[in-house]
Novice: 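This is the structure, below, for whatever I ask next.
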Amino acid sequence: MDVKDPFVATLIFSFFIAVGVILGGAIIGGIAAFLVGDPPLTRMWRLANSLKIWAIVAAIGGTFDTFYNLEKGLFNGETKFLVKQLLLIISATGGAQTGALIISWLTQETL
């Protein structure tokens, strides 16, 4: 699939980066829990839920550009920037929630 609009590609990347941060962090954390004698599945579930905010930050770039663009949208009346940044944050949040849901399915824990 060839995505011509760079913003749509950014939305897709944002979603999957957030999923990857949650899955990778939880799985690697589960391995570490196993090595130190903690229950790995419970630790994976806890990590998946506590890593959500960091997955969102990583997916949107972790810089102040997002906040700058939100400021431009709110205070300068440039609604295009405002809508794009809100969609980017929603995409990252959806990716983080999807990753946590996958971990919840794998570990059979509840959200």
Side-chain angles (χ1 to χ4, degrees):
M1 179 177 156
D2 187 27
V3 179
K4 299 291 183 191
D5 185 14
F7 180 69
V8 174
T10 304
L11 281 178
I12 294 169
F13 276 120
S14 174
F15 180 86
F16 284 103
I17 288 169
V19 170
V21 168
I22 296 290
L23 292 178
I27 290 170
I28 298 298
I31 293 170
F34 173 75
L35 292 175
V36 298
D38 285 348
L41 296 180
T42 302
R43 179 65 67 174
M44 285 174 64
W45 181 78
R46 288 183 186 153
L47 282 170
N49 287 316
S50 65
L51 285 175
K52 283 182 190 176
I53 189 69
W54 297 109
I56 295 167
V57 169
I60 62 174
T63 63
F64 289 102
D65 289 339
T66 300
F67 298 111
Y68 176 70
N69 286 333
L70 282 174
E71 177 191 12
K72 280 191 343 189
L74 287 174
F75 299 124
N76 295 343
E78 299 179 24
T79 56
K80 179 181 175 182
F81 289 114
L82 181 65
V83 170
K84 282 186 173 185
Q85 293 307 309
L86 288 176
L87 287 174
L88 190 64
I89 292 169
I90 289 169
S91 175
T93 304
Q97 186 63 30
T98 301
L101 187 63
I102 291 170
I103 293 296
S104 176
W105 287 343
L106 290 174
T107 62
Q108 296 296 305
E109 298 281 341
T110 59
L111 283 177

Novice: Is the count of non-hydrogen atoms from other residues, nucleotides or ligands lying under 6.0 Å from Phe34 atom CZ greater than 12?
Specialist: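 No, the 6.0 Å shell around CZ holds no more than 12 heavy atoms from other groups.
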Novice: Quick one: do Ile12 and Ile17 end up in the same hydrophobic cluster if we chain Ile, Leu, Val, Met, Phe, Trp and Tyr together by side-chain heavy atoms under 4.5 Å apart?
Specialist: no
Novice: May I ask you to decide if Gly94's main-chain N or O and Thr98's side chain share a donor-acceptor pair within less than 3.5 Å?
Specialist: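 Here the side-chain-to-backbone pair exists.
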Novice: Identify which one of Ile60, Val83, Ile56 satisfies the side chain to side chain contact (heavy atoms under 4.5 Å, CB included) criterion when paired with Leu88.
Specialist: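 Of all the options given, the one that passes is Ile60.
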Novice: Show the nearest heavy-atom pair for residues Ala18 and Ala92, with the distance to one decimal.
Specialist: CB-O, 3.3 Å
Novice: According to a 4.5 Å side-chain heavy-atom criterion applied to Ile, Leu, Val, Met, Phe, Trp and Tyr, with indirect links allowed, do Leu35 and Ile28 form part of one hydrophobic cluster?
Specialist: yes
Novice: Side chain of Ser91, backbone of Leu87: donor and acceptor closer than 3.5 Å?
Specialist: no
Novice: Give the minimum heavy-atom separation between Ile22 and Ala48, together with the two atoms involved.
Specialist: CD1-O, 3.6 Å
Novice: Restricting to non-hydrogen atoms, name the atom on Arg43 and the atom on Gly29 that form the minimum distance, rounded to 0.1 Å.
Specialist: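 Smallest heavy-atom distance, with atoms named: CG-O, 4.1 Å.
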Novice: Look only at the side chain of Thr93 and the backbone of Ile89, and say whether a donor-acceptor pair between them is shorter than 3.5 Å.
Specialist: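 Yes; judged by distance alone, with no hydrogens or angles, the pair exists.
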Novice: Side-chain heavy atoms nearer than 4.5 Å, only ILVMFWY residues, links allowed to pass through others: does that put Ile53 and Val21 together?
Specialist: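 No, Ile53 does not connect to Val21 through the hydrophobic network.
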Novice: Test of understanding: clusters of I, L, V, M, F, W, Y form through side-chain heavy atoms closer than 4.5 Å, transitively. Do Leu82 and Phe7 belong to the same one?
Specialist: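 Yes, it is one cluster - the side chains of Leu82 and Phe7 are joined through contacts under 4.5 Å.
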Novice: Do Leu23 and Ile103 touch side chain to side chain, with heavy atoms closer than 4.5 Å?
Specialist: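 Contact flag for Leu23/Ile103 side chains = yes.
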Novice: Could you pull out the closest heavy-atom pair between Ala26 and Met44, with the gap in Å?
Specialist: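 Residues Ala26 and Met44, closest heavy atoms: O-CG, 3.1 Å.
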Novice: For the hydrophobic clusters of this structure (ILVMFWY residues joined by side-chain heavy atoms under 4.5 Å, transitively), does one cluster hold both Phe13 and Phe15?
Specialist: no
Novice: Could you tell me the separation between the CD1 atom of Ile90 and the CD atom of Gln85, rounded to the nearest 0.5 Å?
Specialist: 11.5 Å
